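Quick notes on the structure that follows.
For clarity, every value in this text was computed on a predicted model and none was experimentally measured.
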Amino acid sequence: EAQVTQNPRYLITVTGKKLTVTCSQNMNHEYMSWYRQDPGLGLRQIYYSMNVEVTDKGDVPEGYKVSRKEKRNFPLILESPSPNQTSLYFCASSPRTSGGRYNEQFFGPGTRLTVL
Amino acid sequence: GEDVEQSLFLSVREGDSSVINCTYTDSSSTYLYWYKQEPGAGLQLLTYIFSNMDMKQDQRLTVLLNKKDKHLSLRIADTQTGDSAIYFCAEILNRDDKIIFGKGTRLHILP
């Protein structure tokens, strides 16, 4: 089944304890992205990657790191989590169209993170 | 900076049409999207429109694009209880492929 998977789905942690949220897609998509969703703020892009070893900052990259060593995986790393990073996180992937653009985003199920 | 604006709430009676509006900033965006998020779920692409189109119809959904005013709308005909969700407008910026989402419009269906 074509899908984007994220782990863990739920995580409660404490301030300063490094954590990684994994994201994996089995559709051979070039484009992968991380978003956070907060009430009243909608969906904001954290980082995105257009291909292996290529990553770019989205709108809210502060406090996050990503890596794209393989096409299928795009982990999100919080080196020193803080309470303002409590949020619902979504990973997504997207294929490149024949015209060279990116089209539909396929979203993972979400990871609810609470930082105490 | 870039911003995608949409109203936060819309209430519609079952059977009526729903119209959700959105304004975007990048006139060179190639694709404009509507995503649907049901409670407790991720986002799913509902429909999209290519920038050289004015209108796209897909069953009960009609997307209208006014490039001059940078205005996008989604019309849902014969709104059903299953249409109750948050609807997000989004654009992909042509210059750097960054994706900007609106804050989402929560559609509430009245009996």
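In the hydrophobic cluster analysis, where Ile, Leu, Val, Met, Phe, Trp and Tyr join through side-chain heavy atoms closer than 4.5 angstrom, B/Leu74 is grouped together with B/Ile100. Residues A/Ile46 and A/Phe107 do not share a hydrophobic cluster, clusters being chains of Ile/Leu/Val/Met/Phe/Trp/Tyr side chains in contact below 4.5 Å. Under a hydrophobic clustering in which Ile, Leu, Val, Met, Phe, Trp and Tyr are joined whenever their side-chain heavy atoms come within less than 4.5 Å, directly or via other members, B/Leu46 and B/Leu64 fall into different clusters. At a threshold of 4.5 Å between side-chain heavy atoms, the hydrophobic network of Ile, Leu, Val, Met, Phe, Trp and Tyr places A/Leu76 and B/Leu43 in two separate groups. Under a hydrophobic clustering in which Ile, Leu, Val, Met, Phe, Trp and Tyr are joined whenever their side-chain heavy atoms come within less than 4.5 Å, directly or via other members, A/Tyr89 and B/Ile86 fall into different clusters.
Hydrophobic clustering, defined by side-chain heavy atoms of Ile, Leu, Val, Met, Phe, Trp and Tyr closer than 4.5 Å, groups A/Leu116 together with A/Ile12.
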Working note: A/Gln105 + B/Tyr33, criterion side chain to side chain contact (heavy atoms under 4.5 Å, CB included); need CA distance, chi angles, decisive distance, verdict.
CA-CA 10 Å; A/Gln105 295 255 291; B/Tyr33 308 90; over 6 Å; no

Would B/Asp96 and A/Tyr48 count as a side chain to side chain contact (heavy atoms under 4.5 Å, CB included) if you check the C-alpha gap in whole Å, the side-chain angles of each, and the deciding distance to 0.1 Å?
CA-CA 10 Å; B/Asp96 58 8; A/Tyr48 61 106; 3.8 Å; yes

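Using a 4.5 Å heavy-atom cut-off against chain B, the contacting residues of residues 34-41 of chain A are A/Tyr35, A/Gln37, A/Gly40, A/Leu41.
To the nearest 0.5 angstrom, A/Phe106 atom CZ is 8.0 Å from B/Leu45 atom CG. Between the CD atom in A/Glu104 and the OH atom in B/Tyr31 there is a gap of 11.5 Å [rounded to 0.5 Å].
For B/Ile99 against A/Gln45, the heavy-atom pair with the smallest separation is N-OE1, 2.9 Å.
Taking the side chain as every heavy atom from C-beta outward, A/Tyr31 and B/Asp97 approach each other to under 4.5 Å.
Pairs engaging residues 43-55 of chain B under the side-chain hydrogen bond (donor to acceptor under 3.5 Å, both in side chains) rule: none recorded [sequence neighbours left out].
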Report all side-chain donor-acceptor pairs from residues 8-15 of chain B shorter than 3.5 Å, counting only partners two or more places apart or in another chain.
{"from": "B/Arg13", "atom 1": "NH1", "to": "B/Pro111", "atom 2": "O", "distance (Å)": "3.2"}

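Counting non-hydrogen atoms of neighbouring residues, nucleotides and ligands closer than 6.0 angstrom, the CZ atom of B/Arg106 reaches no more than 12 such neighbours.
With a threshold of 4.5 angstrom between heavy atoms, B/Gln6 does not approach chain A through any atom at all.
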